[in-house]
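Numbered from 1 within each chain, the chains take letters A, B, ... in sequence-line order. Both backbone and side-chain heavy atoms feed into the values below; hydrogens, waters and symmetry mates do not.
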Amino acid sequence: MEATVTITAKDKFLALVEQHEKLPHVVGARKVLSQLDMPNTRMEDWRYTRTGKIGTEDWKMATSKTNPDISSFLIPGLEAKHLVIVDGQYREDLSELKNLVGISIETTTLVNDEQHQYQHFFEALGAALITTRIQVDIAPHVEIKDKLHIIHVTTEHQVLSQPYITIDAGKSSKAHFVESFVSIGEHHAFTNRTLRIQVAENASFTLDKIQSETDAHYLMNEDRIHVAGDGRFTINTLTIDGGWVRNNLHISFGGQNAEANLHGIYLPRKKQHIDNHTLVDHRVPHCNSNELYKGLLNDHATGVFNGKVYVQPNAQKTNAFQSNANILLSDDAQMNTKPELEIYADDVKCSHGTTTGQLDEDALFYLKARGLGEESARRLLTSAFINDVLDKVENDNIRNYVVSQLITRELLIA
Amino acid sequence: MTSDDIIDEITNREYEFGFTTNIESDKAPAGLNEDIIRLISAKKNEPEWLLQWRLEAFAIWQKMTEPNWAHVSYVKPDFQAISYYAAPKKKAKLNSLDELDPELRKTMDKLGISLEEQKRLHGVAVDFVMDSVSVATSFKEKLGELGIIFCSMSEAIQEHPDLVKKYLGTVVPRTDNFYAALNSAVFTDGSFCYIPKGVKCPMELSTYFRINEGGTGQFERTLVVADEESYVSYLEGCTAPQRDENQLHAAVVELISMRDAEIKYSTVQNWYPGDKEGKGGVFNFVTKRGLCDGDRSKISWTQVETGSAITWKYPSCILKGDHSVGEFYSVAVTNNMQQADTGTKMLHIGRNTKSTIISKGISAGNSQNSYRGLVHINKSAQNARNFSQCDSLLMSDTCGAHTFPYIEIKNKTAKVEHEATTSKIGEDQIFYCLQRGLDEEQAISMIVNGYAKEVLNKLPMEFAVEAQKLLAISLEGSVG
């Protein structure tokens with residue numbers, strides 16, 4: 001009689017880590033990995049996001065070196081350098097980083113992060129098995145003229161990409177990065193990207209994140225941002241497509257008078273699932289955070305928004321605002337939102353608001369009465385809804401690039 | 001007096017209603033096992049089906065673990081150290097108030113709810129619960145003429161077993177949660193109310209609960225059934241004597257509202273919150289849920305929560321009938337070391353269902369006050385509408401105010417709005433009041449009052465007076 005052994009999803013990941021033990025990693029993450037369970041809906045942070053399907057695949061590291069044509073992924077008209085990661089591997093040959101003044105990029109730096117407390121299995125996995133390590137240093141007192149565009153391309157089936165990127169923005173520096181996630185062909189692939197940003201005193205850092213993945217793809221983003229005193233951080237998370245997307249965005253303040261702006265749109269359709277979890281940790285007094293996330297959900301799509309504002313006991317004079325609005329375009333779309341406030345200081349101004357509904361029938365009627373067709377009227381309303389967030393994207397070229405994709409999606413008016 | 005002084009005074013205020021009544025009770029030994037449940041059942045002369053129902057609940061409870069997701073921390077009660085049955089010595093039924101135990105009369109006088117006064121106060125029937133057994137019921141005859149049944153749960157089990165059997169545990173099943181299962185196994189008394197078809201109850205039905213015996217857990221079971229096209233307003237209020245040890249209260253309240261019926265359920269809760277160091281105080285782990293079973297039915301919860309060391313309470317509405325309406329109005333005040341995790345669940349199932357949530361939290365001292373709520377719009381709930389507003393007011397720099405709303409939408413025709421704000425009393429608001437001739441104390445009082453008004457307005461008139469009294473005790477002499 002043969003004993004049956006059930007191989008769990010977790011076992012498979014652990015085996016993969018063991019198989020590639022020589023790859024760069026954080027020792028602590030490997031230690032903790034076996035103690036963490038695969039995320040499941042019984043966990044509060046994952047109650048609306050299923051991870052079961054991720055467990056059924058047999059993930060592997062990129063095997064062959066493909067040479068994708070990345071020209072179609074560049075943003076037209078944008079003066080940018082680009083750093084290309086294909087199937088989780090940094091590709092110097094495809095990247096264009098010449099004459100980048102004030103920025104140094106290292107691909108061999110070890111991660112010094114042994115004290116980190118891992119919140120969930122995928123986060124530890126991302127540090128236990130690093131497929132590409134990138135360290136970006138921005139020199140102090142420098143305003144970076146060119147944008148840096150990090151492009152993640154998936155070209156293979158069942159490939160597990162786990163880039164680990166750290167960015168140190170020096171004192172009083174100013175920089176603007178763009179990060180995009182794309183696939184060539186439809187692949188069951190899993191991109192589990194870790195990003196750590198340290199924004200030093202009086203520095204300003206902006207990140208525009210454009211996620212246009214395929215329906216078969218799984219995308220996990222673990223972003224941890226630390227903003228020092230007088231620092232300023234802005235992130236625009238623009239999720240245009242993706243079969244399964246989970247964005248964990250964790251921002252904490254290290255000094256007074258710092259500011260964070262978090263904006264996002266998510267536009268799932270078909271059977272897509274998009275989940276945005278944000279945490280803004282006000283640890284020190286006199287910091288501001290502004291959060292605005294909007295979602296348009298179609299077909300059988302599901303969306304999740306979980307925004308948490310945490311105000312620690314001494315963080316007086318905090319201003320924290322959070323807003324989340326959703327429109328369900330179809331009968332089968334679903335939205336789960338959980339805007340949380342956890343406040344331990346009294347002299348603060350904190351608010352959150354969330355709404356979910358369908359397109360306003362009165363507004364539609366008004367527009368139709370003025371001669372617009374049903375379709376144009378709808379599109380005008382969805383445009384107005386999304387443009388609130390798109391207007392936060394400062395760079396015209398980047399915004400136009402996203403707008404053109406949304407016109408194709410018939411969500412914006414041309 | 002500056003606002004800091006006022007807040008200091010609030011923090012230093014001792015519990016006003018802390019006193020104990022010396023009535024001997026008939027008390028079961030501490031501990032929980034099947035024998036104790038058989039004892040409770042036998043003492044109350046219950047039918048066999050109910051004993052079996054209790055024993056099944058006990059079996060379910062033994063398999064469950066205590067919930068720990070709430071934003072509260074406390075030493076878990078030892079369920080084997082609690083006595084599950086206590087009845088006042090005098091159990092004889094009373095024909096008039098004169099027959100009442102003089103000690104009991106004194107207690108009620110101190111609380112300002114003497115029965116004479118209550119009887120004179122037009123339209124209020126009081127079912128006074130001393131520990132676990134009802135000892136005084138009034139206005140019963142008048143209600144009887146209309147066919148309204150309003151009595152203690154033990155009486156209902158004896159006299160209306162069919163009604164109890166039909167509805168008990170249908171809204172809060174025994175498997176619902178740890179404390180509901182415990183309550184189902186050991187509940188000793190509570191209130192039962194049935195409003196027949198088409199009857200509008202002419203008076204507010206009121207029950208005063210009072211935990212009296214040291215070391216006795218209070219496991220109340222309340223069941224209110226409003227038959228088609230009926231209306232009832234039900235009042236529940238509590239004060240508890242000062243105690244050093246923690247007292248556990250795990251009640252279950254079930255409401256059933258049928259076609260075109262309406263239940264208005266109001267609570268003023270002022271159990272002993274513990275002293276300044278957080279010693280003592282009542283653990284209030286209550287399961288309250290209402291079922292809007294029929295079309296156009298309505299359930300409205302109004303609560304003013306000022307007491308208890310730990311509050312864990314989520315009065316909910318299941319909006320099953322089409323066009324049914326659920327409402328939740330709450331003021332929760334926490335002071336010193338109190339912790340409250342309270343809110344509501346609105347489950348929209350029927351078409352054109354509507355719900356409103358207004359929650360006002362006030363935290364002072366070192367307390368933690370959380371709102372936790374769920375709005376769930378089911379796929380079948382066409383044109384559902386929800387509006388939620390959760391505001392928090394912070395009175396010290398050491399307290400906390402938290403909001404954990406869950407919003408789950410599965411139907412696109414839903415219109416759901418949620419908003420929350422957290423702030424302290426604005427200096428500009430106080431300044432405005434000062435320059436109009438009010439002193440600082442009056443100013444704070446006025447602002448807090450105005451802040452809670454939206455909810456206090458929803459209380460029946462007689463109760464609103466009491467609620468304001470309790471707000472004042474919890475926060476400050478002048479507030480209220």
Side-chain angles (χ1 to χ4, degrees), chain A residues 42 44 47-48 285 295 297-300 302-361, chain B residues 3 7 68-69 71 361 363-380 382-427:
Chain A
R42 287 183 303 278
E44 185 62 29
R47 60 184 278 149
Y48 299 118
L297 300 99
N298 210 341
D299 305 327
H300 285 80
T302 48
V304 180
F305 173 79
N306 187 330
K308 186 167 190 166
V309 173
Y310 195 87
V311 180
Q312 304 240 11
N314 61 343
Q316 300 292 3
K317 303 280 178 196
T318 287
N319 285 324
F321 305 107
Q322 187 190 77
S323 171
N324 170 236
N326 304 289
I327 290 181
L328 302 180
L329 296 170
S330 73
D331 293 337
D332 298 305
Q334 291 183 23
M335 184 67 210
N336 298 306
T337 89
K338 191 182 165 203
E340 296 174 77
L341 295 176
E342 213 170 304
I343 293 163
Y344 298 90
D346 67 334
D347 195 2
V348 299
K349 283 206 179 83
C350 297
S351 68
H352 69 199
T354 174
T355 58
T356 303
Q358 57 184 349
L359 285 177
D360 189 344
E361 292 295 331
Chain B
S3 56
I7 288 157
N68 56 9
W69 41 261
H71 192 83
S363 16
N366 292 305
S367 66
Q368 300 295 334
N369 197 332
S370 308
Y371 167 83
R372 185 184 302 277
L374 168 72
V375 175
H376 181 95
I377 311 286
N378 211 23
K379 190 122 182 56
S380 56
Q382 202 73 2
N383 294 320
R385 182 82 176 87
N386 162 268
F387 175 76
S388 310
Q389 189 184 340
C390 310
D391 295 334
S392 305
L393 197 62
L394 294 151
M395 310 269 289
S396 86
D397 56 359
T398 47
C399 60
H402 320 296
T403 321
F404 306 100
Y406 294 72
I407 299 147
E408 304 173 357
I409 319 275
K410 294 189 185 338
N411 186 309
K412 72 160 179 176
T413 58
K415 216 172 184 181
V416 177
E417 292 167 87
H418 172 98
E419 57 182 43
T421 58
T422 302
S423 55
K424 72 169 190 175
I425 294 181
E427 275 162 29

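Taking 4.5 Å as the limit, every side-chain heavy atom of Val309(A) sits out of range of all side-chain heavy atoms of His352(A).
Contact count versus chain B (heavy atoms, under 4.5 Å) is highest, among Val348(A), Leu297(A), Ile343(A), for Ile343(A). Note: Asp331(A) leads Leu359(A), Thr302(A), Asn326(A), Asp331(A) in heavy-atom pairs under 4.5 Å with chain B. Top candidate by heavy-atom pairs under 4.5 Å with chain A, chosen from Arg372(B), Arg385(B), Glu419(B), Lys424(B), is Lys424(B). Of the listed residues Gly357(A), Ser323(A), Ala345(A), Pro339(A), the one with more heavy-atom pairs under 4.5 angstrom with chain B than any other is Pro339(A). Counting heavy-atom pairs closer than 4.5 Å to chain A, the top residue among Ser388(B), Ser392(B), Gly400(B), Cys390(B) is Gly400(B). Counting heavy-atom pairs closer than 4.5 Å to chain B, the top-ranked of the candidates Gln322(A), Glu342(A), Glu340(A), Glu361(A) is Glu342(A). For chain A, the option among Lys415(B), Glu417(B), Lys410(B) with the highest count of heavy-atom pairs below 4.5 Å is Lys410(B). In terms of heavy-atom pairs under 4.5 angstrom with chain B, the leader among Ser351(A), Gly353(A), Cys350(A) is Cys350(A). The candidate from Thr421(B), Asp397(B), Asn369(B), Val375(B) with the greatest count of non-hydrogen atom pairs under 4.5 Å with chain A is Asp397(B).
Although no hydrogens or angles enter the test, the distance criterion places no donor-acceptor pair under 3.5 Å between the side chain of Thr355(A) and the main chain of Ala325(A).
Distance check: Thr337(A) OG1 to Tyr406(B) OH gives 11.5 Å after rounding to the nearest 0.5 Å. Taking CD of Gln382(B) as the reference point, atom CD1 of Ile377(B) lies at 11.5 Å (rounded to 0.5 Å).
Asn411(B) touches chain A through its backbone: at least one of N, CA, C or O sits under 4.5 Å from a heavy atom, while the side chain does not. In this structure, the portion of Ser330(A) lying under 4.5 Å from any heavy atom of chain B is its backbone and not its side chain. Proximity to chain B is limited to the backbone of Pro313(A), based on heavy atoms less than 4.5 angstrom apart. Heavy atoms of Tyr48(A) lying under 4.5 Å from chain B belong exclusively to its side chain. Of the two parts of Asp332(A), the backbone and the side chain both hold a non-hydrogen atom closer than 4.5 Å to a non-hydrogen atom of chain B. Within the 4.5 angstrom heavy-atom criterion, no atom of His376(B) approaches chain A. Heavy-atom distances place the side chain of Glu44(A), and not its backbone, under 4.5 Å from chain B. Only the side chain of Gln316(A) comes within contact range of chain B, judged by heavy atoms closer than 4.5 Å. Only the backbone of Leu329(A) comes within contact range of chain B, judged by heavy atoms closer than 4.5 Å.
Side-chain contact check for His71(B) and Gln368(B): no donor-acceptor pair (N or O, by modelled atom type) lies under 3.5 Å. In the model, Gln312(A) has no side-chain atom that pairs as donor or acceptor with a side-chain atom of Tyr310(A) under 3.5 Å. Asp391(B) and Gln389(B) form a side-chain donor-acceptor contact under 3.5 Å, judged by distance and modelled atom types alone.
Only one option out of Ile327(A), Asn336(A), Leu328(A), Asn324(A) pairs with Thr356(A) in a side chain to side chain contact (heavy atoms under 4.5 Å, CB included); it is Leu328(A).
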